[in-house]
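Contents: one structure, followed by commentary.
All values reported here derive from a predicted model rather than from experimental measurement. What you see below is based on every heavy atom in this structure, not just the backbone, and it leaves out hydrogens, waters and symmetry mates. Counting begins at 1 with the first residue of the sequence.
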Amino acid sequence: EGGEEPIETGEGRIFATSKDGANTDDGLAKAKEVGTYTGRLFFPTTGDWAVALQFRRDSTQRLERVDWVQAVNNPSGQ
């Protein structure tokens with residue numbers, strides 16, 4: 001089912017939590033390039049952050065989720 005064509009009507013969000021409980025999140029926005037979405041996170045502390053991305057092709061589909069751990073060496077704004 002699909003996969004070959006860029007997703008033009010997708011929606012989703014990206015979010016993260018640090019070991020000490022700090023949170024950051026953003027909704028995904030369509031970028032200029034078809035099938036590309038962007039989101040911005042603010043990392044106020046260094047260390048490992050649990051990050052997740054939720055995305056769906058359109059509002060009739062269920063959200064799919066991908067999780068990973070991201071090492072942050074320099075906090076945002078430094």
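Here the straight-line distance linking atom CD of E11 with atom CD of Q54 works out to 11.0 Å at 0.5 Å rounding. The structure places CD1 of I14 at 10.0 Å from CG of D25, a figure rounded to the nearest 0.5 Å. Going from atom CZ of R57 over to atom CZ of R62 covers 13.0 Å, rounded to the nearest 0.5 Å.
Across every non-hydrogen atom of T9 and Y37, the tightest pair is N-OH, 3.6 Å. Shown here for V34 and P6, the closest heavy-atom pair between the two residues is CG1-CB, 3.7 Å. Across every non-hydrogen atom of D67 and A52, the tightest pair is OD2-CB, 3.4 Å. When all heavy atoms are compared, the tightest approach of A16 to W49 is CB-CE3, 3.7 Å. When every heavy atom of T38 is checked against every heavy atom of A31, the shortest pair comes out as CG2-CB, 4.0 Å. Scanning both residues, A22 and P44, for their nearest heavy atoms gives CB-CG, 4.3 Å.
No path of Ile, Leu, Val, Met, Phe, Trp and Tyr side chains, each step under 4.5 Å between heavy atoms, connects V69 with L41, placing them in separate hydrophobic clusters. Both V51 and V66 are members of a single hydrophobic cluster when ILVMFWY side chains are connected at heavy-atom separations under 4.5 Å.
Within the cation-pi definition used here (under 6.0 Å to the ring centroid, within 45° of the axis), R13 qualifies as a partner of F15.
Using a 4.5 Å heavy-atom threshold, the side chains of L53 and L28 count as touching. Looking at F43 and N74, their side chains never come closer than 4.5 Å, going by heavy atoms from C-beta outward. The side-chain heavy atoms of K19 and D48, taken from C-beta on, include a pair separated by under 4.5 Å.
Using a cutoff of 4.0 Å between basic side-chain nitrogens and carboxylate oxygens, E64 and R56 are not scored as salt-bridged.
Side chain of K30 to backbone of T36: no donor-acceptor contact under 3.5 angstrom is found. Judged by distance alone, with hydrogens and angles left aside, the side-chain atoms of D26 form a donor-acceptor pair with the main-chain N or O of R40 at under 3.5 Å.
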